[in-house]
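Here the structure is a predicted model, which means the values were calculated and not measured.
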Amino acid sequence: MKKKTFYIILLGAVVSSMIAFLFPLSFSNLIENCDSIKIIYINDNLQHSPINEKIFEKDSETFSELKNIFEDYSYRRCVRTIFDGSSMSGNDAGYWLHIYIDNGNERTVIILGGTGEMQIENKIYRMGYWGNESMLGFMEEIVEVAFTD
């Protein structure tokens, strides 16, 4: 009887973990009631320059386009989400995007480098399930809307 209970508990833990790690989280929750989006583009070279920065207010057309991009993508938890994710290494995009989502006095910070991993409020999350194609597409769309004049 004890073995059966142990296996049932173990199976429940495994299934719960799989659901938690594989279930997609929506960016919509982060930008739902935000007032502005600030995007910083940092070229990935030794001096981290040039740095381009733009702020988009809630009533602008570009803000709406950015919000639509965010609504088209999702992210998920990974093993690194459990631990402090204060460091990310690697950059497959050739640039970094720092996205600041302001909602009143609260600010959410998202850091993207194209590796498939991203940092949201010092926690590491993943976009997509295999590789980095989802993140690279997401970053490309953001840059195209935000920095194309």
Side-chain angles (χ1 to χ4, degrees), residues 10-149:
L10 181 64
L11 180 64
V14 169
V15 169
S16 297
S17 297
M18 289 181 68
I19 290 171
F21 287 126
L22 297 177
F23 187 77
L25 304 167
S26 175
F27 280 110
S28 299
N29 298 335
L30 299 175
I31 62 167
E32 189 172 24
N33 297 315
C34 72
D35 302 323
S36 67
I37 299 173
K38 177 180 179 179
I39 301 175
I40 300 176
Y41 175 100
I42 303 170
N43 193 10
D44 190 31
N45 58 26
L46 295 177
Q47 294 79 27
H48 290 297
S49 62
I51 296 175
N52 295 319
E53 177 181 319
K54 292 205 178 176
I55 299 173
F56 305 98
E57 299 296 329
K58 190 174 190 172
D59 56 350
S60 73
E61 182 179 326
T62 306
F63 179 91
S64 298
E65 291 178 38
L66 288 170
K67 193 171 179 179
N68 288 336
I69 292 170
F70 276 95
E71 289 172 352
D72 287 342
Y73 288 88
S74 63
Y75 61 99
R76 63 181 175 82
R77 294 173 192 90
C78 62
V79 173
R80 289 189 61 195
T81 307
I82 299 168
F83 308 104
D84 180 29
S86 59
S87 67
M88 280 182 16
S89 62
N91 184 308
D92 293 345
Y95 58 93
W96 293 90
L97 287 182
H98 291 219
I99 302 170
Y100 299 91
I101 301 171
D102 292 326
N103 185 6
N105 293 331
E106 296 181 22
R107 174 174 269 185
T108 302
V109 180
I110 303 171
I111 300 173
L112 305 162
T115 61
E117 291 183 334
M118 71 180 141
Q119 185 176 6
I120 302 176
E121 297 300 318
N122 290 326
K123 295 289 183 187
I124 301 295
Y125 295 88
R126 289 212 42 94
M127 279 187 86
Y129 293 97
W130 315 136
N132 61 358
E133 291 84 16
S134 294
M135 180 170 285
L136 290 172
F138 179 64
M139 291 175 68
E140 189 177 299
E141 286 185 49
I142 289 174
V143 168
E144 185 177 311
V145 167
F147 296 101
T148 305
D149 296 323

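When all heavy atoms are compared, the tightest approach of T115 to R126 is O-NH1, 4.1 Å. Scanning both residues, M135 and L112, for their nearest heavy atoms gives CE-CD2, 3.7 Å. For E53 against K38, the heavy-atom pair with the smallest separation is OE2-CE, 3.0 Å. Among all heavy-atom pairs drawn from I101 and L30, the shortest one is CG2-O, 3.4 Å. Across all non-hydrogen atoms, the minimal contact from F63 to C34 is CZ-SG, 3.4 Å. In terms of heavy-atom proximity, N91 sits nearest to Y95 at ND2-O, 3.0 Å.
N132 places a side-chain N or O within donor-acceptor distance of the main-chain N or O of G114, the cut-off being under 3.5 Å. Side chain of D102 to backbone of R107: no donor-acceptor contact under 3.5 angstrom is found.
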For this session: Could you give me the CA-CA distance, side-chain angles and deciding distance for I31 and L66, then say whether side chain to side chain contact (heavy atoms under 4.5 Å, CB included) is met?
Result: CA-CA 10 Å; I31 62 167; L66 288 170; over 6 Å; no

Problem set entry | Y73/E141 under side chain to side chain contact (heavy atoms under 4.5 Å, CB included): CA gap, chis, key distance, verdict | CA-CA 11 Å; Y73 288 88; E141 286 185 49; 2.6 Å; yes

Exercise. Which is it for L97 and V143 under the side chain to side chain contact (heavy atoms under 4.5 Å, CB included) test, yes or no, and what are the steps along the way?
Worked result: CA-CA 9 Å; L97 287 182; V143 168; 3.9 Å; yes

Exercise. I39 and I37: side chain to side chain contact (heavy atoms under 4.5 Å, CB included), yes or no, with the steps?
Worked result: CA-CA 6 Å; I39 301 175; I37 299 173; 3.9 Å; yes

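To the nearest 0.5 angstrom, E117 atom CD is 12.5 Å from Y125 atom OH. To the nearest 0.5 Å, atom CD of residue E71 and atom CG of residue N29 are 10.5 Å apart. Taking CG of D72 as the start and CZ of F138 as the end, the distance is 9.5 Å to the nearest 0.5 Å. Rounded to the nearest 0.5 Å, atoms OG (S28) and CG (N33) are 11.0 Å apart. To the nearest 0.5 Å, atoms CE (M139) and CE (M118) are separated by 11.0 Å.
More than 12 heavy atoms of other residues, nucleotides or ligands sit less than 6.0 Å from atom CD of E121.
Using cut-offs of 30° and 60° for the angle between ring planes, the F27 and F70 rings count as perpendicular. Classified by interplanar angle (parallel below 30°, tilted 30° to 60°, perpendicular above 60°), the ring pair H98/Y100 is tilted.
Using a 4.5 Å heavy-atom threshold, the side chains of I99 and I142 count as touching.
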